[in-house]
Amino acid sequence: ERGASTGQMNKEYSDSNTDVSFASFVWPLERWVFSAYYSNQLNFASEQKSGPDIVNNTVFVDTFHNDNAIDASLDGYGVSAAFRVTDSFSIGVTINQSNLDVRSLDNWQVDHYYDVELDLAVIYPEYTKEQYAAAILDEFLIESSVDESDSDTTFNVGLLYSLNSQWSFGLVYRQGAEFDISTDTVGTFNFDC
């Protein structure tokens with residue numbers, strides 16, 4: 001059986017944010033209320049490095065590396081209007097523009113993938129693992145990346161009925177945003193013995 005010795009994995013996460021997360025302006029009139037707002041709904045960054053993870057026994061000297069990172073943000077800008085139809089019934093409408101920015105990278109690298117060291121071990125049993133590794137080049141690199149931005153316009157409609165000063169009932173229809181983000185994947189392969 002092949003034993004594995006796992007390399008150190010470093011992770012960095014942060015939940016601190018100095019950006020403005022929400023701001024609004026409200027203009028009330030007698031039966032109307034108008035407002036404009038900005039909201040930051042997502043601001044996330046992560047970076048992770050793994051490797052080398054080494055599969056190491058008598059012959060095999062495979063190494064595996066993985067690095068990935070992501071930086072994503074979602075901002076919204078909107079305007080709202082509400083109208084009090086009666087003293088107990090109101091209706092409101094919101095139009096929102098959402099902007100999504102995504103940057104990510106996922107990188108996988110494997111050295112000595114085909115394990116042709118085994119063939120050399122049969123032909124040249126006197127060689128060491130290091131000599132096999134120096135004589136063989138069989139590796140691949142696969143990388144997936146995203147560098148995209150997209151936006152969508154959505155709306156909400158809300159109804160509010162006040163039964164009395166203690167009880168109110170509301171109903172909201174919300175259309176969620178949809179974003180199209182594409183991923184680019186490339187691979188390089190180098191096999192030689």
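Under the 4.5 Å side-chain heavy-atom criterion for grouping Ile, Leu, Val, Met, Phe, Trp and Tyr, W32 is connected to F25 within one hydrophobic cluster. The hydrophobic cluster containing V79 does not contain V33, counting ILVMFWY residues as joined when their side-chain heavy atoms lie under 4.5 angstrom apart, directly or transitively. The same ILVMFWY cluster, assembled from side-chain heavy atoms under 4.5 Å apart, contains both V85 and F34. F44 is connected to I181 through a chain of hydrophobic side-chain contacts under 4.5 Å among Ile, Leu, Val, Met, Phe, Trp and Tyr, so both are in one cluster.
Within 6.0 Å of atom CD1 in I95, 12 or fewer heavy atoms from other residues, nucleotides or ligands are found, so the atom counts as exposed in its surroundings.
One side chain, N66 or D106, offers a donor N or O that lies under 3.5 Å from an acceptor on the other.
For L160 against S168, the heavy-atom pair with the smallest separation is CD1-CB, 4.1 Å. Residues Y38 and V20 approach most closely at CE2-O, 3.3 Å, considering heavy atoms. S144 and T183 make their closest contact through CB-CG2, 4.0 Å (heavy atoms, listed as atom of the first residue, atom of the second, distance). Considering all non-hydrogen atoms of both residues, L105 and S145 come closest at CD1-CB, 4.0 Å.
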Steps toward side chain to side chain contact (heavy atoms under 4.5 Å, CB included) verdict (L163, F169):
CA-CA 8 Å; L163 188 61; F169 300 93; 4.1 Å; yes
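For the pair N96 and N156, the minimum side-chain heavy-atom distance is 4.5 Å or more. Residues S149 and N99 form no side-chain contact, since every pair of their non-hydrogen atoms from C-beta on lies 4.5 Å or further apart. Counting heavy atoms from C-beta outward, V110 and W108 have side chains that stay 4.5 Å or more apart. Here the side chains of Y173 and L159 are not in contact, with every heavy-atom distance at 4.5 Å or above. The shortest side-chain heavy-atom distance between F179 and L74 falls under the 4.5 Å cut-off.
At distances below 3.5 Å, at least one donor-acceptor pair connects side-chain atoms of R31 with backbone N or O atoms of R84. D101 places no side-chain N or O within 3.5 Å of a backbone atom of S73 that could act as its donor or acceptor partner. At least one donor-acceptor pair closer than 3.5 Å links the side chain of D150 to the backbone N or O of D180. Judged purely by atom type and a 3.5 angstrom limit, S39 has no side-chain atom pairing as donor or acceptor with the backbone of Q41.
Each of D71, D147, D184 was scored for a salt bridge (Lys or Arg N to Asp or Glu O under 4.0 Å) with R103, with one residue passing: D147. Exactly one of T94, V93, V26 qualifies for a side chain to side chain contact (heavy atoms under 4.5 Å, CB included) with S80. That residue is T94.
Taken to the nearest 0.5 Å, the CD atom of Q97 stands 9.5 Å off from the OH atom of Y77. Here the CZ-OG1 distance, from R174 to T154, works out to 6.5 Å after rounding to the nearest 0.5 Å. Here the CZ atom belonging to F83 is positioned 10.5 Å from the CZ atom belonging to F89, to the nearest 0.5 angstrom. Put simply, CG on L141 and CD on Q109 are 5.5 Å apart, with the number rounded to the nearest 0.5 Å.
The aromatic rings of Y37 and F22 lie parallel to each other, their planes meeting at an angle below 30°, with 60° marking the opposite boundary.
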